[in-house]
**Student:** 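My structure is below; once you've seen it, I'll send some questions.
These figures come from a predicted structure and were not determined experimentally. Residue numbers count from 1 along this sequence.
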Amino acid sequence: MGLHEMLTPRIEIDLEKIAHNAKTLIELYGSKGIGVIGVTKAVCGNPDIANALVKSGIRTLADSRIENIRRMLNAGVQAQFLLSRTPSLSQAEAVVKYADISLNSELSVIEKLSTYAMDCDRTHSVILMVELGDLREGLMPSELEETVTRVLELSGIALVGIGANLACLAGVAPDAENMGHLSAIANDIERKFALTLEYVSGGNSANYNWLVSAIDVGRVNNVRLGESIYLGCETLFREPIPGLYTDAMTLVSEIIESKTKPSLPCGKICQNAVGNVPKFKDRGEIRRAILSTGLQDVLVPGLTPRADIEIIGASSDHIIVDAKTTELQVGWELEFDLNYGALVSAMTSLYVNKVPSDRVNAHEYCELVEQEYRRHVQLLPTIEIKEDHSPLLSLNESGFNLIFEESVKEDYKYMVREAVFEKIGRISKRLDKEDKTLIMRSTWRSFEHQRLLWEERVEALEKEYPNKQIEEIEELVSYFIAPPSKSMHATGGAVDALIYDLKNDCVMRFGTNDGLKINLNDKCYPYHPYITPEAKTNRKLLIGLFEEEGFVTDIKEYWHFDYGNAAWAIEKGRERAIYGIIEA
Ligand SMILES: *Cc1c(COP(=O)(O)O)cnc(C)c1O
């Protein structure tokens, strides 16, 4: 997590809500035999969103722009890609290279696609768009037969379907009549040319009302959905679709001025920044707040405040609101719903941070961890030690299958209390069966050893940050290394461990480590949401092994486990620990 992700303006993207919407729509359309292509153009091919769609079961992603398709490909999004805007001649080569399918309405373009497809020995799939009344893209029905004939003759091109797009330009509603027409055209082509069309792609989010009222959807077996997935509404009347979230996207802006001022301007009124001559209502003196967001960030008229306030104007960098009775202070954040235009503009603006919910949650998670850590620090002195005087035993001499990380302390014996010794033995045996070995990083440490560790880390950080003051360095170190008398490692009940994977001959990846070297940052917090799925699985394995043996996992370090000592007692809700400090 970086604090920059909490900057404003930002658009917070709730990936779980988007996934829920996608799954619900897949089921709804699926119940009538219609498959869903996810359209990513409104979100500029944002890879986090694309992955959420793929995880929800969408296999084809459509975007109007090759740049966005490349963005998703570069991010490793696993899907088939469709270019939804008729390709331009000048981009034909890139279209063949990056898109698997494209929607087309010009023969000359398809011919160009064919040339490039042959050049690179590929087959590019084509869906022919048919004009059904909205008068944007599409072949006129009269030119269809000849076009199909020509397309079928082209090498490197596969005709995989026909499609239509309504409601986008003229607002023409998809209905039984025009969808019936599309079905008839599909049947006609299949019969005349003795082929099967894989896709009969009926439209976009505007097809919802037709879908729910249709008794028979005819040959239509596909739709391309964007807005209804992101904003949870159909697009003919912008009514919410039952069961969908309409608040998956949130624009967050920040107050930079809050004052009581008149509601009417003073002076002769001419044009403003955007060329309008504005009119204002006289409401007397009002509380006016200014937000650090403007037309260069988002299409302001497409915003709806979630609080009871009113947008009364905007220029390129400011939004002015009437706070009404809402308390607004400088530095506070305000949330807004976005319509489609606002969403597109905010996702496109360089100035708006795009923050997926897992990162928002990461911020919350880290705060919780730190809160919990402060609670522990306060509780530590209240824990009574009822020392059980069990001896320290050396793991080096145990004969267990273990790997020992090199220690700053010469002749380090990897000592632990007797019960811990036995637990490590059992964990070692369990890992043997999985072709893995426990790596012991550190166990009991004398005060002298702990001091060595502290000094070593200070030295390393001094080298890394030559400009930092020593106080700053020590604070950084104290974040992860305790002073000698406070370290749980002085009790013989603490164990630092990682796992070695014998099959792949490497230290397993836990999200912050490169082999044995661990980068100390907040992703070391055991359940940090923003680590890779592999790291999550590996942490689960490591933590599971220790917790099943009665250890507790450290609040901040996924590799540190405690048994019997004060940290363990706090976490287990006990009043007494059984292992106190052994100094040397
Ligand atoms: C934008 C677009 C879509 C998706 O439209 P939504 O209203 O966002 O569902 C589908 N098909 C084509 C051709 C488009 O241009």
**Student:** Are His528 and Tyr558, when compared by the centres of their aromatic rings, separated by less than 6.0 Å?
**Tutor:** no
**Student:** Are Glu333 and Arg10 within salt-bridge range, i.e. N to O under 4.0 Å?
**Tutor:** yes
**Student:** State whether Tyr500 and Lys436 meet the cation-pi test: NZ (Lys) or CZ (Arg) under 6.0 Å from the six-membered ring centroid, and within 45° of the perpendicular axis.
**Tutor:**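 So Lys436 doesn't make the cation-pi contact.
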**Student:** Around Lys486, counting heavy atoms of other residues, nucleotides and ligands shown, do more than 12 lie under 6.0 Å from its NZ?
**Tutor:** no
**Student:** Between Val252 and Glu12, is any pair of side-chain heavy atoms under 4.5 Å apart?
**Tutor:**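 Val252 reaches Glu12 side chain to side chain.
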**Student:** For the CD atom of Glu405 and the CZ atom of Arg441, what is their distance to the nearest 0.5 Å?
**Tutor:** 4.5 Å
**Student:** Looking at side-chain heavy atoms only, is the closest gap between Lys540 and Thr537 below 4.5 Å?
**Tutor:**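 No. Closest side-chain heavy atoms not under 4.5 Å.
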**Student:** Testing Val495, Leu395, Ile427 for side-chain contact (heavy atoms from CB on, under 4.5 Å) with Leu438, which one passes?
**Tutor:**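 The single option meeting the side-chain contact (heavy atoms from CB on, under 4.5 Å) with Leu438 is Ile427.
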**Student:** Using the rule given for side-chain contact (heavy atoms from CB on, under 4.5 Å), can you reason through Val369 versus Lys556, listing the C-alpha separation, both sets of side-chain angles and the distance that settles it, and then say yes or no?
**Tutor:** CA-CA 7 Å; Val369 165; Lys556 286 185 163 183; 4.0 Å; yes
**Student:** Is there a side-chain contact between Glu456 and Leu452, using heavy atoms and a 4.5 Å cut-off?
**Tutor:**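 No. Closest side-chain heavy atoms not under 4.5 Å.
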**Student:** Indicate whether the side chain of Thr8 and that of Glu254 have a donor and an acceptor atom separated by less than 3.5 Å.
**Tutor:** yes
**Student:** Is any side-chain N of the basic residue among Glu548 and Arg430 closer than 4.0 Å to the acidic one's carboxylate O?
**Tutor:** yes
**Student:** Without hydrogens or angle criteria, can the side chains of Asp501 and Asn504 be said to hold a donor-acceptor pair below 3.5 Å?
**Tutor:**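 Their side chains do contain a donor-acceptor pair, which is all the 3.5 Å distance test asks for.
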**Student:** Which heavy-atom pair separates Pro526 from Arg539 by the least distance, and what is that distance?
**Tutor:** O-NH1, 3.1 Å
**Student:** Decide if atom CD of Glu16 counts as having more than 12 heavy atoms of other residues, nucleotides or ligands within a radius under 6.0 Å.
**Tutor:**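 Count not over threshold, so no.
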**Student:** Consider only side-chain N and O atoms of Thr491 and Asn565, and report whether a donor and an acceptor are under 3.5 Å apart.
**Tutor:**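 Checked: Thr491/Asn565 side chains pair up, N/O donor to acceptor below 3.5 Å.
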**Student:** Taking atom types as modelled and ignoring hydrogens, do the side chains of His318 and Glu257 form a donor-acceptor contact shorter than 3.5 angstrom?
**Tutor:** no
**Student:** Quick check: closest heavy atoms across Ile311 and Pro305, and the distance to 0.1 Å?
**Tutor:** CG1-CG, 4.3 Å
**Student:** Regarding Ser446 and Arg451, is there a side-chain donor-to-acceptor distance under 3.5 Å anywhere?
**Tutor:**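 No - no donor-acceptor pair under 3.5 Å links their side chains.
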**Student:** Evaluate Lys523 against Glu557 for salt bridge (Lys or Arg N to Asp or Glu O under 4.0 Å), listing each step before the verdict.
**Tutor:** CA-CA 9 Å; Lys523 286 196 187 131; Glu557 303 173 348; over 6 Å; no
**Student:** Give a yes or no on whether Lys572 atom NZ has more than 12 heavy-atom contacts from other residues, nucleotides or ligands under 6.0 Å away.
**Tutor:**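 It does: Lys572 NZ has more than 12 such atoms within range.
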**Student:** Tyr527 and Tyr365: aromatic ring centres closer than 6.0 Å?
**Tutor:** no
**Student:** Could you tell me whether the side chains of Thr40 and Asp63 share a donor-acceptor contact shorter than 3.5 Å?
**Tutor:** yes
**Student:** Indicate the atoms forming the closest heavy-atom contact of Asn401 with Ser428, along with that distance.
**Tutor:**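 Distance-wise, the nearest heavy atoms are O-OG, 3.0 Å.
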**Student:** Please examine the side chains of Ile499 and Thr437, heavy atoms only from C-beta on, and report whether any two atoms are closer than 4.5 Å.
**Tutor:**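 Thr437 vs Ile499: side chains apart.
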**Student:** Between Lys17 and Asp247, does any NZ, NE, NH1 or NH2 come within less than 4.0 Å of an OD or OE carboxylate oxygen?
**Tutor:**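 Answer for the salt bridge query: yes.
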**Student:** Atom NE2 of His489 and atom CD1 of Ile581: how far apart are they, to the nearest 0.5 Å?
**Tutor:** 12.5 Å
**Student:** Can you tell me how far the CE atom of Met440 sits from the CG atom of Asn396, to the nearest 0.5 Å?
**Tutor:**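 Reported to 0.5 Å precision, the distance equals 10.0 Å.
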**Student:** Rounded to the nearest 0.5 Å, how far apart are CG of Leu380 and CE of Met488?
**Tutor:**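 Here the interatomic distance stands at 5.0 Å.
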**Student:** Would you indicate whether Gln329, at its atom CD, is surrounded by more than 12 heavy atoms from other residues, nucleotides or ligands within a distance under 6.0 Å?
**Tutor:** yes
**Student:** Distance from Ile11 atom CD1 to Leu338 atom CG, nearest 0.5 Å?
**Tutor:**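 Spacing of CD1 (Ile11) from CG (Leu338) equals 4.5 Å.
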**Student:** Please report the interatomic distance CG(Asn339) to CD(Glu227), rounded to the nearest 0.5 Å.
**Tutor:**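 Separation between the atoms: 7.5 Å.
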**Student:** Would you say Glu67 has more than 12 foreign heavy atoms packed within less than 6.0 Å of its CD?
**Tutor:**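 Correct, the count exceeds 12.
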**Student:** Within a reach of under 6.0 Å around CZ of Arg509, are more than 12 heavy atoms found that belong to other residues, nucleotides or ligands?
**Tutor:**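 Count not over threshold, so no.
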**Student:** Ignoring hydrogens and angles, state whether a donor on the side chain of Ser258 or Arg287 is under 3.5 Å from an acceptor on the partner side chain.
**Tutor:**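 Per modelled atom types, Ser258 and Arg287 side chains form a pair under 3.5 Å.
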**Student:** Just wondering, more than 12 heavy atoms not from Arg457 lying within 6.0 Å of its CZ?
**Tutor:** no
**Student:** Under 6.0 Å between ring centres, would you say that holds for Tyr230 and Tyr340?
**Tutor:** no
**Student:** Test Glu547 against Thr553 for side-chain hydrogen bond (donor to acceptor under 3.5 Å, both in side chains), laying out the working first.
**Tutor:** CA-CA 7 Å; Glu547 290 192 349; Thr553 308; 2.6 Å; yes
**Student:** For Gln80, I'd like to know if atom CD has over 12 heavy atoms of other residues, nucleotides or ligands within 6.0 Å.
**Tutor:** yes
**Student:** Mind telling me whether Tyr412 and His449 have parallel, tilted or perpendicular rings, with 30° and 60° as the class edges?
**Tutor:** perpendicular
**Student:** Under 3.5 Å, is there a donor-acceptor pair between the Tyr525 and Glu370 side chains?
**Tutor:**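 Looking only at side-chain atoms, Glu370 and Tyr525 do form a donor-acceptor pair, the distance falling under 3.5 Å.
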